[in-house]
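What follows is one structure encoded as C-alpha cells, with my remarks underneath.
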Amino acid sequence: MSLHPDPDLPLSRLAMAGAVPRAPYLDDLNPAQRAAVEALDGPVLMLAGAGTGKTKALTARIAHLLTTGRARPNEILAVTFTNKAAREMRTRIGRMVGEAVEGMPWLGTFHAICVKLLRRHAELVGLRSNFTILDTDDQVRLLKQLVQAAGIDEKRWPARQLAHVIDGWKNRALGPDRIPVGDVSAFDGKGVDLYAAYQARLRDLNAVDFGDLLLHVIAIFKAHEDVLAQYQRWFRYILVDEYQDTNIAQYLWLRLLAQGHRNICCVGDDDQSIYGWRGAEVGNILRFEQDFPGAAVIRLEQNYRSTPHILGAAGAVIAANKGRLGKTLWTSLNEGEKVRLIGHWDGEEEARWIGEEIEAMQRGTRGMDPIPLDGIAVLVRASHQMRSFEDRFLTIGLPYRVIGGPRFYERQEIRDAMAYFRLAVSPDDDLAFERIVNTPKRGLGDKAVQTIQVVARQNRVSLLDGARIATDSRLVAGKGGNELRVFVQAMERWHDQVVREGDTHVELAQMILDESGYTAMWQNDKSPEAAGRLENLKELVKALEQFDSLQGFLEHVALVMDNASEDGGEKVSIMTLHAAKGLEFPAVFLPGWEDGLFPSQRSMDEGGLKGLEEERRLAYVGLTRAERVAIVSFAGNRRVHGQWQSSLPSRFIDELPKEHVEVLTPPGLYGGGYGAAGMAVGASPVLQAGMASDLAERAARADVYASPGWRRLQARAQVRPQDRFGREPGESRGLTIDATADSSFTLGDRVFHQKFGYGRIVGAEGDKLDIAFEKAGEKKVVAKFVVPAPGGGEDDVPF
DNA sequence: GGAGTTTGGTTTTTT
DNA sequence: ACCAAACTCC
C-alpha cells in the first residue's frame, strides 16, 4: 500500500522531479473530503460531522503534503488530544506513505509536543531540562501541603478544589499575576496567593504539571521572539484534530505558531464539543473564521456510519442548540431501523431488558442479521450507571468489557513503583520520596517524616539527603531509624546503578521492587486484589522493555501510558458517552434518558443553558455512535445514593421526531400500551423539584401531553406506583411532587431541597421559607426551590 | 503505627 | 449505597 517506490529516495525529491505518483488515497475521497485534502495553503476549517470520514481526510491531507513535497515529515505539526488518536493517525498515515511517517516527530498530543519543546528550552523559564511532570495526584498532594502551611481549614477548603481552580486558570492561560478581579475571591480569597506559592514550589522542585507544559511554552514563545520565529518557520503546516476541544491555552499556543504562514488546518465538529467542563472552548471553533480571515470552511456532511433514521433523530436533537456552525448529515444508506424507545419501571428492569435484548440481537431478531457482542455498546451518562449493567450481565453470563475506568498508571501499585524509579533516577524528587518512604511499612510515621522534612529544610537539601542526615545524627532513631538508613543506602545504590548503567534497566527495576520489599509487601497481603496488583507490577516491568532506560521510561510514562491491554474477544462494551466519542457500533443502547440524570441536573445547575446544550451534544454523540440501531430507554424510578427517586423522561426524548422513532411496548404489565400517541410519555408523572413550570411549557408545545396515553398514565399514577411484583420504589419518594399539587406549605412541613436535602419548615416570610435542614443547618430558601417530602406535618404528598 | 470506625462526597476525563 | 479519606483508640 506504500506509495513510495524507493524508501530511500526523499519524498520531496520525488515530487520535485514531477514524479508525483498516482495517489490512491485521493481516489476514495468524496468531493468535500478531497477539497479538504487539497486546500493546502492558508487557514482551513474542516467541519466534520460524526461519521463523515474525518480521520481519513486528515490523514490523506498529511499524505498529500508529503507526496507533493510541500513539507518534509518533520515540518508538519499534527496535534491531537489523546495518545490513542495520535497513534491511530500515525498508523493510518503509515499505510498511505509508508516509512515517511517514521520521520514525523511532531505528530502527537499537545502535551507530548510541549514536553519536547520545553525540554529544549527549559532554562528560559527557570527549569532544568530533566524536569519532572506531576500528575493530578502529585499536584493535589503538593497543594495540600501549601493549604496546610497557609493555615487554612482543609475541611472547608479541600486541596482538590484548589487544584480545580488552578487548572481552570491554566486552561485559560492565566498566570498568578494576571488573575481577573472576578476570580480573586476564589478559594476563600487565598486562591491567587496559593497559586503563586504553588508555581514557586514547582520551580523549586524542577517540576511542572500538565497545564504548565502549555503555559511555559507559551511564555517562551512570547518572551523570545527568535525562538518563536524559529518554530514558525519550522512547522510549515499545522493540523489540529478535535479543534472543538481546545482550551484557551491551546488556542493561544496554536495561534502563536500559525501566525506567520497561517497554514493551519483545524478539524472538528462544534456539535461534538463535550468537554466544556474541563476548559474546552467551543468558541474557538465558532470563531475560527474571525481568527483566521479568509479561511476556507469545508463541511464534511456525508455520513458513512448510520442509517437515515438514526441521523434524522440525531439531527433533530442537535437542531435545538443555538449558535451552531450548522451541518446537515446525510447518507446514501437505506432507511434501516427506527430509533427504538422504551420506558421501564426502574433501573434494574432496564438493565434486565437490555440484557435480554442483547442476547436476542446476538441471535438475530425481527428480521435483523445477528449482531456480534463486540458490535454492541451500552453508553451511559455517568459511570455509576454502569454498575447495574455489570451486575445484570454478570448474572446472566453475558461477557462485557468496561471501557474507561481507572487507568493503569493511576493504580496505587503502579504509582508506588514509579515513585521508586523516579527517586532512583532523581534523588531530589521529594514527592516520590514522601510517597514511598514508608511503603512498605518501615516504622516511619508522621513524626519521623516531619523530622526528615525539618532537617532537609534546615540543610537546604532534598528529603533523601535529609533522611541520611537525620539517621546519622540519630534524630530519627530506633527501629524506624534503622530501616530508614537501609532504605536511604539502598536508594543510593540504585541511583549509582542508574548512573553507571551497570545492569539493564529492566533488571534494575525488578531489583528495586524486590530489594525494597515492595514486591514482598503485596505477596504477604492477603486481600483479594493483591494478586492483581502483583500482575500489574509484572506488566509494568514488562512495559519497561520497550524503552532504552529508566529515564526514558519515566519521561514517557506520565504522558503516554494507556490503559492495560485491551483483551479482545466477543464482549459487549459498557462505557460513558464521553468515552464513546469517536467510536461506532452496529447497535447502541442509550439507557437512563431521564431529566436530571441526562441531561444531568448538575450540568444544568452549574452551566445553565450552556450546560444543557453540552448535554444535548452528548445526546447527539450518543445517537451518532450507532450504525444500524439505537435504543433509547428511560426508567421511571431509580435508586440514587441509596434513595429512590422518580423522574421524567429526558427532555431530549421529546426532541426525537416521531417519524424516526418506534416506541416499543414496555415489557410486563407496567405501562403496557401507552405508546398510542406514537411518542414517549412518562413512566411516572412525577416531577423533580422546580420543574412544574417546565412541564407546563413542555405540555404547551408537545401535543403528546394532551394525548390519551399521557392522560391515562397520569390517571394510573394517581395510584401509589407498584410494579407487577407489588414492589414499590422504596419508602422515600424524596424528590418528587405531583405535577398538579399546589405547592403551599405549612409550618412544620418536611420538605426537600435539591442542594440542602431534607429539612423542616420553621418559619416563613413572603415566598421565602426558613428551613432547618437535617444536614445543612438552617437556611432561608425561596419556596419554589423546595418540594414537600414524606414524613411532614401532613400526610405524604398524594401520588 | 495500625486496625477499626466515622464521615463526607459522590458527572463527565485527558494529559 | 458505596467508597475513600480522616479520625480514634489501642
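Bear in mind that the values here come from a model prediction, so they are computed numbers and not experimental data. Convention: sequence-line order gives letters A, B, ...; per-chain numbering from 1.
Using modelled atom types, one finds no donor on one side chain facing an acceptor on the other under 3.5 Å when comparing A:Gln244 with A:Asp270.
Of the charged side-chain nitrogens involved, none lies within less than 4.0 Å of a carboxylate oxygen, so that A:Arg639 and A:Asp346 do not count as a salt-bridged pair. The pair A:Glu390-A:Arg387 does not count as a salt bridge, with every side-chain nitrogen at least 4.0 angstrom from each carboxylate oxygen. Residues A:Asp269 and A:Lys581 are not paired through a salt bridge, judged by the lack of any N-O separation under 4.0 Å between the basic side chain and the carboxylate. The pair A:Asp595-A:Arg651 counts as a salt bridge, with a side-chain nitrogen and a carboxylate oxygen less than 4.0 angstrom apart.
Between A:Lys581 atom NZ and B:dT12 atom P there is a gap of 17 Å when expressed in whole angstrom units. In this structure, the CZ atom of A:Arg160 is 10 Å from the P atom of B:dT10, given to the nearest Å. Computed from coordinates, the A:Asp137 CG to B:dT13 C1' distance equals 15 Å when rounded to whole Å. Atom CZ of A:Phe81 is separated from atom P of B:dT15 by 11 Å (rounded to the nearest Å). The distance between atom CD of A:Glu242 and atom C1' of B:dT15, rounded to the nearest whole Å, is 15 Å. Atoms CD (A:Glu606) and C1' (B:dT12) sit 12 Å apart, rounded to a whole Å. Taking atom CD1 of residue A:Ile113 and atom C1' of nucleotide B:dT15, one finds them 12 Å apart after rounding to whole Å. Residue A:His384 contributes atom NE2, which lies 12 Å from atom P of B:dT10 at whole-angstrom precision.
Here the shortest heavy-atom pairing between A:Gly443 and A:Asn438 reads N-OD1, 3.4 Å.
Remark: ring of A:Phe110 not stacked against base of B:dT15; the cut-offs of centroid gap under 5.5 Å and plane tilt under 30° are not jointly satisfied.
Nucleic acid contact class of A:Ile133 (heavy atoms, under 4.0 Å, all strands): none. In this structure, A:Asp245 reaches neither bases nor backbone, as no heavy-atom distance under 4.0 Å exists between it and the strands shown. Using a 4.0 Å heavy-atom criterion, one finds that A:Arg156 contacts no nucleic acid atom at all.
Annotation: cation-pi geometry not satisfied between A:Arg616 and A:Phe652 (NZ/CZ under 6.0 angstrom from ring centroid, within 45° of ring axis). Judged by a 6.0 Å distance limit and a 45° cone about the ring axis, A:Arg392 is not positioned over the six-membered ring of A:Phe389.
Nearest to the side chain of A:His641, among B:dT10, B:dT13, B:dG2, sits B:dT10. Set against B:dT15, B:dT10, B:dT12, the side chain of A:Thr576 has B:dT12 as its closest nucleotide.
Nucleotide B:dT12 is matched to nothing when pairs are restricted to Watson-Crick or G-U wobble geometry with both distances under 3.5 angstrom.
Only at 4.0 angstrom or more do the heavy atoms of residues 144-154 of chain A sit from any atom of DNA chain B, so none qualifies.
A search for side-chain contact (heavy atoms from CB on, under 4.5 Å) contacts involving A:Arg120 returns A:Trp106, A:Tyr231, not counting sequence neighbours.
Position along DNA chain B of the nearest nucleotide to A:Lys441 versus A:His111 favours A:Lys441 as the more 5'-ward residue. When each of A:Gly443 and A:Ser383 is assigned the nucleotide of DNA chain B bearing its nearest heavy atom, the one mapping closer to the 5' terminus is A:Gly443.
Here chain A contacts DNA chain C (any atom closer than 4.0 Å to a heavy atom, that is under 4.0 Å), and the contacts span C:dA1 to C:dC7 from 5' to 3'.
Checked against a 6.0 Å centroid threshold, the rings of A:Phe81 and A:Phe110 count as neighbours.
Of the side-chain N and O atoms in A:Asn83, one or more sit less than 4.0 angstrom from OP1 or OP2 of B:dT15.
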